[in-house]
Amino acid sequence: MTGLAVIRPGPFSLLQDAGRLGWQHLGVSPAGPLDIQAAAWANRLLDNPRGTPLVEIALGGMELESALDTWVALCGAELDIRLDGAPRPNWSRFALRAGQRLSLGFARSGQRAYLAVAGGFRAAPVLGSVATQEREGLGGLHGDGRPLCAGDFLPCVPAVLPGAASVPWRFVPDYRAEPCLRVMLGGDAGDFSVADRQRFFARPWRLSPQSDRMGTRLSGEPLRAPARQWSLGVTAGAIQVPPDGQPIVLMADRQTMGGYPILGWVHPLDLGLLVQCPAHREVRFERVKLGGMQEDMREFYRFFGR
């Protein structure tokens, strides 16, 4: 068997693909990458289809040893990338030879990096996907939702590509900047007061350290949440407002039903900027229309593939 041996897994590294789609009606979260743009670029650099299995690395600190000649790509958080001690660029692809060690430092900006390999990592799918969902014990390298551990072996196949390539600089986000995230109002927005809707957009919100792959919690002057007496299906990017008035933006490992009122949805392409922010970073929101979000997503799928 050929592949990459995990010497150090880092704090929280997960095998992910496009997500476990089509099971939410049974209460199964889709999982998948938190930053869909960084993950899509990593696969595109290697001519992999979007959604080809890769590794999502939280914060860095990972080390791998290769048992084959292949090519890899890294996109996402700014971190030190070294191949047998020699530096390699981020948002780029490069050759990885048998016996070489790939070492990743800890992130200087951003929170998650994506490591893709030519042809993708191989694992047995669970409910049609290898996406790791730790809470539900699904997917991942062993099918049980477990994060990668030292001693694991990531199967892949040998590959040859014509040369190095990088993402054009204008498409590389600046994770150090305070983001302004696009939001479409909807759901229960009409039940919030006009003043609360205006205040949500008028001021910055601080990211709570009590955030995870299920949801990003915001802290600030509380909103007044309207009453809700029933639960509805929820999607990634939904902005829930619980009784304490502190909004929660739902992410890839979200629950499939929720009873908290929904103010609107964060633009799917801006969720990556949100998850790349460290705790206590301030973020702002701006209102956009549905038509603009739809056109952005059509362009994303045209470029990266469905």
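Hydrogens, waters and symmetry mates are skipped; everything else that's a heavy atom, side chains included, is used. For this chain, numbers begin at 1 and follow the sequence in order.
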Test side chain to side chain contact (heavy atoms under 4.5 Å, CB included) applied to Arg20 and Glu136, step by step
CA-CA 12 Å; Arg20 190 165 287 103; Glu136 295 173 0; 6.0 Å; no
I'd like to know whether Leu104 forms a side chain to side chain contact (heavy atoms under 4.5 Å, CB included) with Leu74, so could you lay out the CA-CA distance, the side-chain angles of the two residues, the decisive distance to 0.1 Å, and finally the verdict.
CA-CA 10 Å; Leu104 307 179; Leu74 273 150; 3.7 Å; yes
Quick one, Val249 with Met251, criterion side chain to side chain contact (heavy atoms under 4.5 Å, CB included). Give me CA distance, side-chain angles, the key distance, then yes/no.
CA-CA 6 Å; Val249 181; Met251 308 306 291; 4.1 Å; yes
Before giving the answer on side chain to side chain contact (heavy atoms under 4.5 Å, CB included), spell out for Tyr301 and Arg50 the whole-Å C-alpha distance, their side-chain angles and the decisive distance to 0.1 Å.
CA-CA 9 Å; Tyr301 289 127; Arg50 187 182 66 85; 3.4 Å; yes
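No donor-acceptor pair closer than 3.5 Å links the side chain of Gln100 to the backbone N or O of Ser66. The main-chain N or O of Thr52 is never found under 3.5 Å from a side-chain atom of Asp17 such that the two would form a donor-acceptor pair. With hydrogens and angles ignored, the 3.5 Å screen pairs no side-chain donor or acceptor of Trp41 with any backbone N or O of Cys75. The closest donor-acceptor contact from the side chain of Arg88 to the backbone of Phe94 lies at 3.5 Å or more, if one exists at all. Side chain of Trp205 to main chain of Gln246: no donor-acceptor pair is present (N/O by atom type, distance under 3.5 Å, no hydrogens or angles). Between the side chain of Ser29 and the backbone N or O of Thr256 there is no donor-acceptor pair closer than 3.5 Å. A distance-only check finds a donor-acceptor pair linking the side chain of Asp152 to the backbone of Cys149 [under 3.5 Å]. A donor-acceptor contact shorter than 3.5 Å links the side chain of Trp91 to the backbone of Gly76. Without hydrogens or angle criteria, Ser211 side chain to Arg217 main chain gives a donor-acceptor distance under 3.5 Å. In this structure, Arg93 contributes its side chain and Gly163 its backbone to a donor-acceptor pair below 3.5 Å.
Between Leu102 and Leu4, the closest side-chain pair of non-hydrogen atoms is not below 4.5 Å. Residues Pro147 and Pro9 are not in side-chain contact: their nearest non-hydrogen atoms beyond the backbone lie 4.5 Å or more apart. Under the 4.5 Å side-chain criterion, counting only non-hydrogen atoms from C-beta, Leu141 is not in contact with Val6. You'll find the side chain of Pro247 stays beyond 4.5 Å of the side chain of Leu263, heavy atoms only. For the pair Asp212 and Asp253, the minimum side-chain heavy-atom distance is 4.5 Å or more. Taking 4.5 Å as the limit, some side-chain heavy atom of Arg135 sits within range of a side-chain heavy atom of Gln133. At least one side-chain heavy atom of Phe192 sits less than 4.5 Å from a side-chain heavy atom of Val241. In this structure the side chain of Gln276 never reaches within 4.5 angstrom of the side chain of Pro173, judged on heavy atoms.
Criterion: ILVMFWY side-chain heavy atoms under 4.5 Å apart, direct or through other members. Under it, Trp169 and Ile81 are not part of a common hydrophobic cluster. Leu34 and Leu15 sit in two unconnected hydrophobic clusters of ILVMFWY residues. Membership requires side-chain heavy atoms under 4.5 Å apart, directly or through other members. Following chains of ILVMFWY side-chain contacts shorter than 4.5 Å, one can reach Trp23 starting from Val126, so the two form part of one hydrophobic cluster. Follow the hydrophobic side-chain contacts under 4.5 Å out from Met62 and you never reach Phe153; the two are in separate clusters. Hydrophobic clustering (ILVMFWY, side-chain heavy atoms < 4.5 Å, transitive): Val172 and Tyr175 are in one cluster.
In terms of heavy atoms, Leu207 sits closest to Leu218 at CD1-CD2, 4.1 Å. Minimum heavy-atom separation, Ala131 to Gly19: CB-CA, 4.1 Å. Taking each heavy atom of Arg176 and Ser109 in turn, the nearest pair found is CG-CB, 3.6 Å. Taking both residues in full, the closest heavy atoms of Ala123 and Gly140 are given as CB-O, 4.0 Å, listed atom of the first, atom of the second, then distance. When every heavy atom of Cys277 is checked against every heavy atom of Pro179, the shortest pair comes out as SG-CG, 3.6 Å. Between Ala159 and Trp71 the shortest heavy-atom distance is O-CD1, 3.7 Å.
Taking CD1 of Ile239 as the reference point, atom CG of Asp188 lies at 12.0 Å (rounded to 0.5 Å). Rounding to the nearest 0.5 Å gives a distance of 7.0 Å between CD1 of Ile57 and CG of Leu64. From Leu14, atom CG reaches atom CD of Glu134 across 7.0 Å, with rounding to the nearest 0.5 Å. Note that the CD atom of Glu286 and the CZ atom of Phe201 stand 9.0 Å from one another [nearest 0.5 Å]. Atom CG of Leu181 and atom CG of Leu269 lie 11.5 Å apart (nearest 0.5 Å). With rounding to the nearest 0.5 angstrom, the CG atom of Leu274 is 14.0 Å from the NE2 atom of His267.
Around the CZ atom of Arg182, the shell of radius 6.0 Å holds more than 12 heavy atoms that belong to other residues, nucleotides or ligands. Counting heavy-atom neighbours within 6.0 Å of Arg284 CZ, excluding the residue itself, gives a total above 12.
Between Glu295 and Arg302 a salt bridge is recorded (basic side-chain N to carboxylate O distance below 4.0 Å).
At a cut-off of 3.5 Å, with distance as the only test, a side-chain donor of Ser166 or Ser92 sits close to an acceptor on the other residue.
For residues 52-74, the salt bridge (charged side-chain N to carboxylate O under 4.0 Å, His left out) pairs, not counting sequence neighbours, are Arg8-Glu63, Glu56-Arg112, Glu56-Arg213, Glu63-Arg101, Glu65-Arg101. Residue pairs satisfying the salt bridge (charged side-chain N to carboxylate O under 4.0 Å, His left out) criterion with at least one member in residues 193-208, sequence neighbours excluded, are listed as follows: Asp196-Arg199, Arg199-Glu221, Arg203-Glu221, Arg206-Glu282.
The aromatic rings of Phe304 and Phe300 sit tilted relative to each other, their planes meeting at an angle between 30° and 60°.
Cation-pi contact between Arg44 and Phe303: present, with separation from the ring centre below 6.0 Å and deviation from the ring axis of at most 45°.
Partners of Pro243 according to the side-chain contact (heavy atoms from CB on, under 4.5 Å) rule, which considers only residues two or more places apart in sequence or in another chain, are Tyr260.
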